[in-house]
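These notes are about the structure you will find just below.
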Amino acid sequence: MIRKLWKIIQNNERLIRITSTIYYYVMLNRVRGKTKNNIINNGGYLKKCKININGVGNKIIIDKSVRLINCNIRIHGNDCVLHIQKNCFIENLIFHFEDNRCQILIGTNNIFSGGEFAVAENDSVIEIGCNCLFSREVEIVTTDSHSILDKNSLTRINNAKNVKIGNNVWIGAHAVLLKGSTIPNCCVIGRNTVVTKSFCIENCILAGVPAKIVKENILWQVERI
């Protein structure tokens, strides 16, 4: 009976809005901050989540069948975008935005088990594909946070860089993806790995500090065979 009711709800956009709104208020979610012309478009199901927005023109778009549990969304800037596409399950994750026009774009059917995604500095982006599996305490950042200068010219030499993760990527516990990281489709990132650059070979295992390719021509799946 419950499954039939759930299927009916998921096939009706109006029922999705109604049930997600009721769920949002019942499940102890909180919105704080000075907000103006910000949009929170929620079609998912949030439980014990915190949203703090300080800025204008920001957008939080959560598609249907998305579940967020004990997550924290912090936006300190203008015109930033968080878009989580349908059928994602996310728990214990911090989304941190700082400065203007930053984006975190997440595809469909992903599972995240904790950590922090941080986009800071103007126009920086974290983009994650579909069907990915992230273990606990994964950190992704687009910036070093502080400035490193050339001693002679006093110009900054450590500007932000985007991070892009392809489809069907499995990332192990406590992995760190630093600015400029690119992970191709169908790759595995080992536990405690630190990725510092862009990789281009699909179907490989990356591991180590810093990350390097340790095995090629692999496939992975959730089920233990």
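Taking CD1 from I205 and CD1 from I189, the interatomic distance works out to 9.5 Å, rounded to the nearest 0.5 Å. N159 contributes atom CG, which lies 9.5 Å from atom CD1 of I157 (distance to the nearest 0.5 angstrom). Here the straight-line distance linking atom NZ of K164 with atom CD of E127 works out to 5.0 Å at 0.5 Å rounding. R74 CZ to L82 CG: the interatomic distance, rounded to the nearest 0.5 Å, is 14.0 Å. To the nearest 0.5 Å, atom CD1 of residue I61 and atom CG of residue L105 are 9.5 Å apart. Rounded to the nearest 0.5 Å, atoms SG (C204) and CG (N217) are 9.5 Å apart.
What you find for R191 and R136 is that their closest heavy atoms are NH1-NH2, 3.4 Å. The two residues G114 and L93 make their nearest non-hydrogen contact at C-CD1, 3.9 Å. What you find for G44 and N42 is that their closest heavy atoms are N-OD1, 2.8 Å. Scanning all heavy atoms of the two residues, the minimum distance from C80 to I75 falls at CB-CG2, 4.2 Å. Shown here for S135 and A173, the closest heavy-atom pair between the two residues is CB-N, 3.4 Å. For V163 against G180, the heavy-atom pair with the smallest separation is CG2-N, 4.2 Å.
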Go through the steps to decide whether V56 and N78 satisfy the test side-chain contact (heavy atoms from CB on, under 4.5 Å), and finish with yes or no. CA-CA 5 Å; V56 299; N78 305 317; 3.5 Å; yes
How far apart are the C-alpha atoms of E91 and N70, what are their side-chain angles, what is the distance that settles it, and do they pass the side-chain contact (heavy atoms from CB on, under 4.5 Å) test? CA-CA 6 Å; E91 60 180 345; N70 195 35; 5.8 Å; no
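Here the side chains of I84 and L68 are in contact, with some heavy-atom distance below 4.5 Å. Annotation: side chain of I111 is not in contact with side chain of V222 (no heavy-atom distance under 4.5 Å). A heavy-atom distance below 4.5 Å is found between the side chains of F117 and I128. Side-chain atoms of D144 and K179, non-hydrogen and from C-beta on, do get closer than 4.5 Å to each other. Within the 4.5 Å cutoff, the side chain of I104 has no heavy atoms near those of the I140 side chain. Taking the side chain as every heavy atom from C-beta outward, L178 and V141 approach each other to under 4.5 Å. At least one side-chain heavy atom of I171 sits under 4.5 Å from a side-chain heavy atom of I165. With contacts defined as side-chain heavy-atom distances shorter than 4.5 Å, the pair T143/S124 does not qualify.
Listed by first and then second residue, the ring pair (Phe, Tyr, Trp, His ring centres under 6.0 Å) pairs that reach into residues 59-90 come to none, sequence neighbours excluded. Sorted by first and then second residue, the pairs that involve residues 148-173 and meet ring pair (Phe, Tyr, Trp, His ring centres under 6.0 Å), not counting sequence neighbours, are W170-W220. Listed by first and then second residue, the ring pair (Phe, Tyr, Trp, His ring centres under 6.0 Å) pairs involving residues 183-203 amount to none (not counting sequence neighbours).
Here the side chain of N109 pairs no donor or acceptor atom with the backbone of C130 at under 3.5 angstrom. Side chain of T142 to main chain of N162: no donor-acceptor pair is present (N/O by atom type, distance under 3.5 Å, no hydrogens or angles). Judged by distance alone, the side chain of N58 and the main-chain N or O of N38 form no donor-acceptor pair under 3.5 Å. In this structure, the side chain of N92 does not engage the main chain of S113 through any donor-acceptor pair within 3.5 Å. Remark: the backbone N or O of K59 is not paired with any side-chain donor or acceptor of N41 at under 3.5 angstrom. The closest donor-acceptor contact from the side chain of D99 to the backbone of G77 lies at 3.5 Å or more, if one exists at all. Of the possible donor and acceptor atoms, one in the side chain of N158 sits under 3.5 Å from a partner among the backbone N and O of H146. Counting only distance, with no hydrogens or angles, the side chain of N185 and the backbone of G166 share no donor-acceptor pair below 3.5 Å. In this structure a side-chain-to-backbone donor-acceptor pair under 3.5 Å is missing from N100 to N122. Side-chain atoms of K47 do not come within 3.5 Å of backbone N or O of R67 as any donor-acceptor pair.
Hydrophobic clustering (side-chain heavy atoms under 4.5 Å, transitive across Ile, Leu, Val, Met, Phe, Trp, Tyr) keeps L133 apart from I90. In the hydrophobic clustering of this structure, I183 groups with I213; members are Ile, Leu, Val, Met, Phe, Trp, Tyr whose side-chain heavy atoms approach within less than 4.5 Å, directly or through other members. Under the 4.5 Å side-chain heavy-atom criterion for grouping Ile, Leu, Val, Met, Phe, Trp and Tyr, V188 is not connected to I201 through any hydrophobic cluster. A continuous path of hydrophobic side-chain contacts links V176 to V209 [ILVMFWY only; heavy atoms under 4.5 Å]. F97 and I53 fall within a single hydrophobic cluster, where Ile, Leu, Val, Met, Phe, Trp and Tyr are joined by side-chain heavy atoms under 4.5 Å apart, directly or via other members.
By the neighbour-count criterion of 12 heavy atoms within 6.0 Å, atom NZ of K161 is sparsely surrounded, having that number or fewer from other residues, nucleotides or ligands.
Here E121 pairs with R156 in a salt bridge; the nearest charged N to carboxylate O distance falls below 4.0 Å. By the 4.0 Å N-to-carboxylate-O rule, R101 lies too far from D79 to be salt-bridged with it.
Inspection of the N131 and N168 side chains reveals no N or O donor paired with an N or O acceptor under 3.5 Å.
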